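In what follows, a structure is listed as structure tokens, so that the remarks can point back to it.
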Amino acid sequence: MAPLSVPAPVCAAAGPIRVMVVDDHPLLREGIAAVLGTQPDMLLQAEAEEGGEAVALYRLHRPDVVLMDLQMPGMDGITAIGAIRAQDPSARIVVLTTYRGDVQALQALRAGAQGYLLKSMLRRELVDTIRAVHAGGRRVPHEVADALAAHVGEDSLSMREIEVLREVADGNANKRVARCLGISEETVKAHMKSIMSKLDANDRTHAVTIAIKRGIIQL
């Protein structure tokens, strides 16, 4: 099924679409470069391995479209999106990710991304997504849009609850979590009760599984 698209007015061509790719995996960057090289209306202008480098290269090159990974060493993709949009509110950014979770998608779109593309869809959707976003439209895969819609209005986890859940995901018992976070064991138990309620989880393991699937935490 094709991703959701919001069309935009078609403007007269003014040279190739200049693209910057931000991803810490060289093979993925090479694959994207190969695809772009087959498109007469696209040009790979710059490559970056992490968010901080991407922000600096954006300032230098001002590409038309940025393809941004989310999980990278150093500055992560969502932080980089915010930093680029802070220096240029008109920046056009497409997220590249393996994660289908609604939480990361919502964070990326709130940060200013106009497109969201799963890496499994690159071969089929990359070129059309770049053109659509460059023209001023938005592209979000149906499965991601459905996940966003499914959780509209739900209470989100607090920062402290996310910290507790990360510790639990690392295999720590409540006593160890309390020591690591400098809180009481009873407070940890209260947080876990709230977390399981918000995520509709049956137990701690189920809560961690849901949180990873939705992109609330990453291992």
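Excluded from the calculations below are hydrogen atoms, water molecules and symmetry mates; all remaining heavy atoms, backbone and side chain alike, are included. Since the model is a prediction, treat every value here as computed from it, not as a measurement.
Interatomic distance, CG of Leu67 versus CG of Leu28, reported as 9.5 Å (0.5 Å rounding). Once rounded to the nearest 0.5 Å, the distance linking CZ of Arg139 with CD1 of Ile130 reads 11.0 Å. For the atom pair Leu106 CG and Arg110 CZ, the distance stands at 4.0 Å (nearest 0.5 Å). Between atom CD1 of residue Ile81 and atom CD of residue Gln107 there is a gap of 10.0 Å, rounded to the nearest 0.5 Å. Going from atom CG of Asp88 over to atom CZ of Arg59 covers 11.0 Å, rounded to the nearest 0.5 Å. Between atom CD of residue Glu50 and atom CG of residue Asp76 there is a gap of 10.0 Å, rounded to the nearest 0.5 Å.
Contact annotation: the side chain of Leu181 approaches that of Arg160 to within less than 4.5 Å [non-hydrogen atoms, C-beta and beyond]. Contact check for Arg131 versus Ile17: side-chain heavy atoms found under the 4.5 Å cut-off. Counting only heavy atoms from C-beta outward, the side chains of Gln104 and Val95 never approach each other to under 4.5 Å. Between His61 and Arg18, every side-chain heavy-atom pair lies at or beyond the 4.5 Å cut-off. Side-chain contact between Ile84 and Met68 is present, with heavy atoms from C-beta onward closer than 4.5 Å. Residues Gln45 and Met20 form no side-chain contact, since every pair of their non-hydrogen atoms from C-beta on lies 4.5 Å or further apart. Proximity of Val55 to Thr79: side-chain heavy atoms (C-beta onward) are nowhere separated by under 4.5 Å. Val177 is not listed as a side-chain neighbour of Met192, based on a closest heavy-atom distance of 4.5 Å or more.
At distances below 3.5 Å, not a single donor-acceptor pair connects side-chain atoms of Glu125 with backbone N or O atoms of Met121.
Scanning all heavy atoms of the two residues, the minimum distance from Gln114 to Ala91 falls at NE2-O, 3.2 Å. Taking every heavy atom of both residues into account, Asp64 and Pro16 meet most closely at OD2-O, 3.7 Å. Closest approach of Arg85 to Ile93, counting heavy atoms only: CG-CD1, 4.1 Å. A pairwise comparison of heavy atoms in Asp69 and Thr97 identifies OD1-CA, 4.4 Å as the closest pair. Heavy atoms only, all atoms of each residue included: Asp200 and His206 are closest at O-CE1, 3.9 Å. Nearest approach of Leu109 to Ala113, heavy atoms of both residues: CD2-O, 3.5 Å.
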Q) Could you walk me through whether Leu44 and Ile32 pass the side chain to side chain contact (heavy atoms under 4.5 Å, CB included) check? A) CA-CA 9 Å; Leu44 178 60; Ile32 291 175; 5.6 Å; no
(Q) For a side chain to side chain contact (heavy atoms under 4.5 Å, CB included) check, start with the C-alpha distance between Ile216 and Leu199, then their side-chain angles and the critical distance, and finish with the verdict. (A) CA-CA 11 Å; Ile216 297 171; Leu199 298 182; 3.8 Å; yes
Q: Decide side chain to side chain contact (heavy atoms under 4.5 Å, CB included) for Val168 and Ile195; before the verdict, give the C-alpha distance in whole Å, the side-chain angles of both, and the deciding distance to 0.1 Å.
A: CA-CA 11 Å; Val168 171; Ile195 289 166; over 6 Å; no
Q: Please report the C-alpha distance between Lys119 and Asp23 in whole Å, then the side-chain angles of each, then the deciding distance to 0.1 Å, and finally whether the side chain to side chain contact (heavy atoms under 4.5 Å, CB included) criterion is met.
A: CA-CA 11 Å; Lys119 290 181 179 179; Asp23 195 286; 2.9 Å; yes
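Using a cutoff of 4.0 Å between basic side-chain nitrogens and carboxylate oxygens, Arg166 and Glu163 are not scored as salt-bridged. With respect to Asp170 and Arg176, no salt bridge is recorded, no charged nitrogen being found less than 4.0 Å from a carboxylate O.
The hydrophobic clustering, which links ILVMFWY residues whose side-chain heavy atoms are closer than 4.5 Å, places Leu43 and Val65 apart. Note on Tyr116: it clusters hydrophobically with Leu122, by side-chain heavy-atom contacts below 4.5 Å among ILVMFWY residues.
Test Leu165, Thr209, Asn174 against Arg204 for side-chain contact (heavy atoms from CB on, under 4.5 Å) and you get one pass: Asn174.
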